[in-house]
Amino acid sequence: MDGARAERILAAVRAIPEGWVRTYGDLEPRAPRLVGRVLRETDEDVPWHRVVRADGSLAVGGEQRARLRAEGVPIRGDRVVLAQARLPLPPGEHLEPGEAPG
DNA sequence: AGCGTGACAATTA
DNA sequence: ATAATTGCCACGC
């Protein structure tokens, strides 16, 4: 593997349920570009198409959009409707010190 | 240790 | 709403 981060990212991507999406920033708030790097490098069967940009736009394009539509992900034009398709932050995800739940 | 690059993100105009 | 800037972090040379 390229690094422990890569594995953690792949695991998070694999955890995205069908019909839902998550943003690069959600997976790695401090290094969203690393997510794309990993998804591009890996040959695993991860659902890479379920990872979209913070504004709902797609990074890959055609194939990604087709796959998302096939899963029932709400899409408006060329952007995913994050308000409906964005997976809520699972409990226990990189919660930064200071963002304590209370 | 510096430089350039990137499946990004938030701001500003 | 879009376009251009700036900031960010990690990777490879």
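Bear in mind that the values here come from a model prediction, so they are computed numbers and not experimental data. Order of the sequence lines sets the chain letters (A, B, ...), proteins ahead of strands, with each chain counted from 1.
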Do you know which two heavy atoms are closest between [X] and [Y], and how far apart they sit?
| X | Y | value |
| --- | --- | --- |
| A/V52 | A/S57 | CB-O, 3.8 Å |
| A/T42 | A/L39 | CG2-O, 3.5 Å |
| A/V60 | A/W48 | CG2-CZ3, 3.9 Å |

Worksheet item: Between C/dC8 and B/dT12, how far is it from one P atom to the other, in whole Å?
Response: 14 Å
Discussion item. Taking C/dC9 as the reference, what is the distance to B/dT11 when you measure between their P atoms (whole Å, please)?
Written reply: 15 Å
Worksheet entry | Interface with DNA chain B, restricted to residues 12-19 of chain A and to heavy atoms under 4.0 Å | none
Worksheet, complete the sentence: Among C/dC9, B/dA7, C/dC11, the one nearest any side-chain atom of A/L34 is C/dC11
Worksheet item: A/R79 has a side chain; which of B/dA7, C/dA10, C/dT2 sits nearest to it?
Response: C/dT2
Fill in: A/P47 vs A/V13 side-chain heavy atoms within contact, under 4.5 Å
yes
Item to complete: Starting from C1' on B/dC8, measure out to CG on A/L39 and report it in whole angstrom.
Response: 12 Å
Fill in: Spacing between A/I9 atom CD1 and B/dA7 atom P, to the nearest angstrom
14 Å
Practice prompt. State whether the number of non-hydrogen atoms from other residues, nucleotides or ligands found under 6.0 Å of A/R69 atom CZ is greater than 12.
Written response: no
Discussion item. At 4.0 Å (heavy atoms only), tell me whether A/R37 reaches a base, stays on the sugar-phosphate, or touches nothing.
Written reply: sugar-phosphate
Polar atom pairs between nucleotides 9-13 of chain B and protein, under 3.5 Å, N or O only, would you list them?
from	atom 1	to	atom 2	distance (Å)
B/dA9	OP1	A/G25	N	3.0
B/dA9	OP1	A/A54	N	3.4
B/dA9	OP2	A/A54	N	2.7

I'd like a table of donor-acceptor pairs (distance under 3.5 Å, sequence neighbours excluded) in which one partner is a side-chain atom from residues 76-88 of chain A, with atom names and distances.
from	atom 1	to	atom 2	distance (Å)
A/R86	NE	A/D26	OD2	2.9
A/R86	NH2	A/D26	OD1	2.6
A/R86	NH2	A/D26	OD2	2.8

Any residue meeting side-chain contact (heavy atoms from CB on, under 4.5 Å) with [X], in chain and number order, not counting sequence neighbours:
| X | answer |
| --- | --- |
| A/D45 | none |
| A/E71 | A/E18, A/H49, A/R50, A/V73 |
| A/R40 | none |

Discussion item. Does C/dA10 have its OP1 or OP2 closer than 4.0 Å to a side-chain nitrogen or oxygen of A/R33?
Written reply: no
